Student: 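Got a structure for you, questions after.
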Amino acid sequence: MGPYGSTVCSGVSSSASSSSSSSVTKPPAEIDGYLADAGYKVRSSDLRHVAQRLERLETVMVNSPNDLSQLASDAVLYNPSDLATWVDSLLSEFNHQPLISLPSDLDFPDAIINPTDLPNDTWTEPLPPPQQQQHQLTVVTAMEEDSGIRLVHLLVTCAESVQRGDLALAGSLIENMQTLLTRVNTSCGIGKVAGYFIDALSRRIFSHQSVASAHENELLYHYFYEACPYLKFAHFTANQAILEAFQGHDCVHVIDFNLMHGLQWPALIQALALRPGGPPLLRLTGIGPPSPDGRDSLREIGLRLAELARSVNVRFAFRGVAASRLEDVKPWMLQVSPKEAVAVNSIMQLHRLLGSDPNRNSPIEMMLGWIRNLNPKIVTVVEQEADHNKTGFLDRFTEALYYYSTMFDSLEACAMQPEKALAEMYIQREICNVVCCEGAARVERHEPLGKWRARLGQAGFRALHLGSNAFKQASMLLTLFSAEGYRVEENDGCLTLGWHSRPLIAASAWQVMPTAEATTANQRVGVINQNNNANHV
């Protein structure tokens, strides 16, 4: 790791609802939560009974395929959301179907039959009527849904086995789930999500972990940016907050914790170019990983941004800081001037500092400490609205299963191809890190907005209200996507973007509190609870 002073300058060189956060309705205690999320009502006490019935139903269907059409046309099927009653009704209908069997003593003489000697209609069967076809499709779809439900429970059971250290049982469950995957559609829905989680569990159990290169991550990040609105929302919201914080300042400095092709900054440069009274001098410090091929990729990004700034008459200077890990960056590398209005921008990066090492100080505390000492005008933070930093593996796994199921549902509504497929690979990398890795290797330690509020407050920051302009821009952004399920919501001055009722990412803005106010806030907030908000291994 090492900084380099690659400074790019241009003499003249440039957007960018006040409803409270929704909460997911919890099912009654006696109803199984996982199945309730899938739309099925099953009492926890009936799970074993339902599982046995489903296996029996599957066996009957496989052994009696000719009875499916009769069942589809005659059976009175109950509401499948009441899973126990529905399965029992199907079984009872099968039990009433007479099974025709041939006597074992029948002896068929050997014969060779020439198909040309038979009538033309001997080898064809009439298609069933459309109504019967629809009933058959319903039964097949129900079987696929049942397999999906069993996959979810097997995934959770496998995670429990991993947590107990019973890897032999976990390995056998992996084989069972891989067989079940052949019975569901793996191109969308629970089949796709289950496939990714099965792969991640398999890598953890059988130690087949792979480390992606920084170049691959940057490439997939770009496709994730293009395919869905999450990163665009992050960039637009942060840019609007930074633009407002820079109002009235003639020399401004943005420190970007993750430059990633500089995708965020053309919009801000163009917005500054249109500022009443003329644009300020803009300095941009971009942090990113060293190039694997020895190229100065950060400088190349800076040159492209400098060319854009020159075209819109914004004075611009760029400095790249190469670092393999964010915690390796030190304040002196940033060359901050006391005459500058400083903005620190972190898009889905701070959670990578939440791992703890007993042999050194907490990375997140050290980072927030020196950010505070820079006295920035604003700190913009965007993080996944998830809780993947729990101590117990099972809790972390189930939270991730729910979160990424919703994320994949939202991606299904996006029409971008092939960007969507590569964006899914970006999310798959996150899933693998959450499920496969532990210790320092586990960097995807997402935590929800409430925990970030407590942590940043204790570190001496207070929240800035993201104004109506940020909300309007985020809402307008969603019009670029045809899907109607995306939701922008305001949450105590912060903004969240999610899919239907589930927030998936949260954007917030912060400023340094005066010393006296920070002391009072620390006394009020207290030390972050070790079990809830600490940095877990």
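If you're wondering where the values come from, they're calculated on a predicted model, not measured in any experiment.
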Student: Mark yes or no: Arg455 above the aromatic ring of Trp452, with NZ or CZ under 6.0 Å from the six-membered ring centre and no more than 45 degrees from the axis.
Tutor: yes
Student: Just how far is it from atom CG of Asp199 to atom CD of Gln428, taken to the nearest 0.5 Å?
Tutor: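 Nearest 0.5 Å value for the CG-CD distance: 5.5 Å.
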Student: Please determine if Glu444 and Arg396 form a salt bridge, counting it only when a charged side-chain N lies under 4.0 Å from a carboxylate O.
Tutor: no
Student: So does Gly191 get a backbone contact from the side chain of Asn185, meaning a donor-acceptor N/O pair under 3.5 Å?
Tutor: no
Student: Quick one: do Trp265 and Asp256 satisfy side chain to side chain contact (heavy atoms under 4.5 Å, CB included)? Show the steps, please.
Tutor: CA-CA 10 Å; Trp265 305 118; Asp256 187 5; 2.9 Å; yes
Student: Could you walk me through whether Tyr225 and His235 pass the ring pair (Phe, Tyr, Trp, His ring centres under 6.0 Å) check?
Tutor: CA-CA 10 Å; Tyr225 174 88; His235 292 173; 5.4 Å; yes
Student: Can you tell me how far CZ of Phe233 sits from OG1 of Thr496, rounded to the nearest 0.5 angstrom?
Tutor: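 Thr496 OG1 to Phe233 CZ: 6.5 Å, rounded to 0.5 Å.
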Student: Would you find more than 12 non-hydrogen atoms of other residues, nucleotides or ligands less than 6.0 Å from Tyr223 atom OH?
Tutor: no
Student: Taking the six-membered ring of Phe246 as reference, does the NZ or CZ atom of Arg275 fall below 6.0 Å from its centre and within a 45° cone about the axis?
Tutor: no
Student: Step by step, work out the salt bridge (charged side-chain N to carboxylate O under 4.0 Å, His left out) result for Arg487 and Glu489.
Tutor: CA-CA 6 Å; Arg487 296 286 184 271; Glu489 295 185 344; over 6 Å; no
Student: Within the distance-only criterion (no hydrogens, no angle test), does the side chain of Glu218 pair as donor or acceptor with the backbone N or O of Leu220 below 3.5 angstrom?
Tutor: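 No, the answer is negative, given that no donor and acceptor are paired below the 3.5 Å cut-off.
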Student: Quick check against the 3.5 Å criterion: does Thr398 have a side-chain atom that pairs as donor or acceptor with the backbone of Asp395?
Tutor: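 Yes, Thr398 side chain to Asp395 backbone: donor-acceptor pair under 3.5 Å.
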Student: If only atom types and distance count, is the side chain of Thr479 paired as donor or acceptor with the main-chain N or O of Ser475 below 3.5 Å?
Tutor: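 No: the side chain of Thr479 does not pair with the backbone of Ser475.
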Student: Let me confirm one number: the CG-OH distance from Leu401 to Tyr196, rounded to the nearest 0.5 Å.
Tutor: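 Here the rounded value is 14.5 Å.
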Student: Among Ile347, Asn345, Thr380, Leu350, exactly one meets side chain to side chain contact (heavy atoms under 4.5 Å, CB included) together with Phe257. Which residue is that?
Tutor: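 When side chain to side chain contact (heavy atoms under 4.5 Å, CB included) is applied between Phe257 and each of Ile347, Asn345, Thr380, Leu350, only Leu350 qualifies.
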Student: Above 12 or not: heavy atoms from other molecules or residues under 6.0 Å from NZ of Lys377?
Tutor: no
Student: Give a yes or no on whether a salt bridge exists between Glu307 and Arg304, defined as a side-chain N under 4.0 angstrom from a carboxylate O.
Tutor: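 So Glu307 does not pair with Arg304 through a salt bridge.
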Student: Take Glu430 and Tyr404, measure what side chain to side chain donor-acceptor pair (under 3.5 Å) needs, and give me the verdict at the end.
Tutor: CA-CA 10 Å; Glu430 284 190 3; Tyr404 287 109; 2.7 Å; yes
Student: Testing the basics here: between Val434 and Arg442, what is the closest heavy-atom pair and its distance to 0.1 Å?
Tutor: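 Looks like O-CD, 3.9 Å.
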Student: Taking Tyr403 for its side chain and Asp387 for its backbone only, find out whether a donor-acceptor pair lies under 3.5 Å.
Tutor: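 Judged by distance alone, no pair lies under 3.5 Å.
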Student: Quick check against the 3.5 Å criterion: does Glu365 have a side-chain atom that pairs as donor or acceptor with the backbone of Leu368?
Tutor: no
Student: Which distance, rounded to the nearest 0.5 Å, do you find between the CZ of Arg502 and the CD of Glu385?
Tutor: 7.5 Å
Student: Ignoring hydrogens and geometry, is there a side-chain-to-backbone donor-acceptor pair from Glu399 to His388 under 3.5 Å?
Tutor: no
Student: Are Leu243 and Leu272 close enough, and set up right, to give a side chain to side chain contact (heavy atoms under 4.5 Å, CB included), and what steps lead you there?
Tutor: CA-CA 7 Å; Leu243 186 65; Leu272 289 172; 3.6 Å; yes
